[in-house]
Amino acid sequence: MSAASVDIQFKVTPAARRTPAGDRERILANPGFGKVFSEHMAVASWERGAGWHDAVVCPYAPIPLDPGTSVLHYAQAVFEGLKAYRQQDGRITVFRPEANAARFRRSSRRLALPELPEAAFVEAIDQLVGLDADWVPSAPEHSLYLRPFMFASEVNLSVHPSDAVTFVLIASPSGSYFPTGVKPVTVWLSEDFSRAAPGGTGAAKTGGNYAGSLLAQAQAAEQGCDQVVWLDAIEHRWVEEMGGMNLFFVFDSGPKPRLMTPELTGTLLPGITRDSLLTLGKDLGYEVEEGRITVEQWRAGCADGSLSEVFACGTAAVITPVGAVKSASASWQVGDTRPGAITMRLRQALVDIQRGAAPDVHGWMHAVPPA
Ligand SMILES: *Cc1c(COP(=O)(O)O)cnc(C)c1O
């Protein structure tokens, strides 16, 4: 059988004592991001030769690790991030889980990890979210953030693709990214550090890419900026990404607005929000394009008004407008620094589909079957 057709059944063991409804409602009223977790998790193990086994949905609990566990030393690990939404009619849907499942496999391949079959990825979500359905918030822009991840769990300090791997799925109720309204960010162009180089792991969703970004993020904060913008690692001129989000540039001086996002060169993370916005932009009648832009073109476009809006996109914040840019040699504003009309129209279009307020014409919403 091919890896894609292997069927993995999760054995469900609910917690003996459930969180009282009142306590849960208090948590859901103000969950923040990534600090509280639902009552269960999904876990599956893989061994070279034996394949996947012991797939369970069980009470959320710490995972004890031997100090010699490979991932703690060599970071052989990948992750995903996606959201479950409460629809107005009470049903629960997940945005494009098949796309995350496919990316999880691609990331795993790059990190020499086994590829979890896409059906098992989605099945883990269905089982966990079905069981923890009460943890899916209903407030606007609130959601249950899903974090699938996989790591080298073999106890061995020799460097090699791990012979034992653990897959885990946890769920974290999350509040609105912008509780006081969408707020543009100021970005720092990092010319000292690179996120990803040709041939590296930039296109894989792996924690090491983030570990290497933290010092640059701290430098951005020292400069009074909210986020880092990454440039290509060779010429340090081509714009790639912002923090953990993809970037879009809006040129609104022609007959119809043109959206441009940096093309996937292998050093960018192929965002599912990015992909969705390329489709929605077309639906809204804009020209959409995957292209290239240098720092100098960004600055010149803002100066002559041809580049009117810039925004970043990703699962966590959906769309974040970029209001101002700063580098060691220059700083400038984007438009009038406020969220642009096209930025906000795209954001609303995507949020409406995710919330069930607009028809799901592209078949992006996956309904979670009731437990
Ligand atoms: C996850 C991620 C994104 C955004 O991907 P989405 O699928 O849209 O959430 C962009 N850049 C990086 C570096 C990421 O890790």
Side-chain angles (χ1 to χ4, degrees), residues 33-34 75 77-85 94-108 110-111 118 121-122 125 141 143-150 172 174 177 185 187 190 193-197 200-217 220 226-233 238-249 259 261-281 288 290 310-320 322 343 346-347 349-351 353-354 362 364-366:
F33 180 78
V78 295
F79 70 97
E80 269 302 327
L82 66 169
K83 286 176 170 176
Y85 303 88
V94 178
F95 185 66
R96 302 190 70 182
E98 300 85 2
N100 293 88
R103 188 171 65 188
F104 197 56
R105 287 185 66 177
R106 292 198 303 271
S107 298
S108 298
R110 179 63 185 86
L111 272 288
E118 287 162 27
F121 182 98
V122 176
I125 290 171
E141 302 232 354
S143 60
L144 185 65
Y145 181 80
L146 304 173
R147 168 54 61 88
F149 60 104
M150 191 196 283
S172 174
S174 70
Y177 198 87
V185 292
V187 297
S190 184
F193 298 112
S194 300
R195 189 189 84 92
T201 58
K205 220 165 166 70
T206 181
N209 291 338
Y210 279 79
S213 78
L214 298 174
L215 189 56
Q217 179 62 42
D226 305 292
Q227 290 286 342
V228 185
V229 162
W230 300 107
L231 308 176
D232 75 286
W238 301 99
V239 179
E240 297 205 327
E241 291 194 66
M242 182 192 93
M245 303 175 84
N246 295 112
L247 283 167
F248 272 84
F249 297 82
L259 301 178
T261 188
E263 64 187 346
L264 301 175
T265 57
T267 53
L268 279 75
L269 198 290
I272 291 158
T273 316
R274 171 189 181 279
D275 181 72
S276 307
L277 290 172
L278 284 170
T279 299
L280 282 183
V288 299
E290 300 178 74
V310 178
F311 63 85
C313 65
T315 295
V318 190
I319 283 182
T320 301
V322 175
T343 299
L346 281 162
R347 188 174 201 282
L350 184 51
V351 168
I353 292 173
Q354 292 171 335
H362 299 289
W364 285 339
M365 303 313 294
H366 167 85

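Start at 1 and go down the list; that is how both ligands and their atoms are numbered. Residue numbers count from 1 along this sequence. Just so it is clear, the structure is predicted and the values come from calculations on it, not from any experiment. Both backbone and side-chain heavy atoms feed into the values below; hydrogens, waters and symmetry mates do not.
- Every residue two or more places apart in sequence or in another chain that forms a side chain to side chain contact (heavy atoms under 4.5 Å, CB included) with A203 is listed here: P270.
- Listed by chain and residue number, nothing satisfies the side chain to side chain donor-acceptor pair (under 3.5 Å) test with Q227 (two or more places apart in sequence, or in another chain).
- Residues D232 and T267 bring no donor and acceptor atom of their side chains to less than 3.5 Å of each other.
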So what's ligand 1 close to, N/O to N/O, under 3.5 Å?
| from | atom 1 | to | atom 2 | distance (Å) |
| --- | --- | --- | --- | --- |
| ligand 1 | 7 (O) | R103 | NH1 | 2.8 |
| ligand 1 | 7 (O) | R103 | NH2 | 3.1 |
| ligand 1 | 7 (O) | I272 | N | 2.8 |
| ligand 1 | 8 (O) | I272 | N | 3.3 |
| ligand 1 | 8 (O) | T273 | N | 2.9 |
| ligand 1 | 8 (O) | T273 | OG1 | 2.6 |
| ligand 1 | 9 (O) | T315 | N | 2.9 |
| ligand 1 | 9 (O) | T315 | OG1 | 2.6 |
| ligand 1 | 11 (N) | E241 | OE1 | 2.5 |
| ligand 1 | 11 (N) | G244 | O | 3.3 |
| ligand 1 | 15 (O) | K205 | NZ | 2.7 |
| ligand 1 | 15 (O) | Y210 | OH | 2.5 |

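- Under the side chain to side chain contact (heavy atoms under 4.5 Å, CB included) criterion, D275 pairs with R96, sequence neighbours left out.
- Using a cutoff of 4.0 Å between basic side-chain nitrogens and carboxylate oxygens, E241 and R195 are scored as salt-bridged.
- Not a single donor-acceptor pair under 3.5 Å links the side chain of K205 to the backbone N or O of S107.
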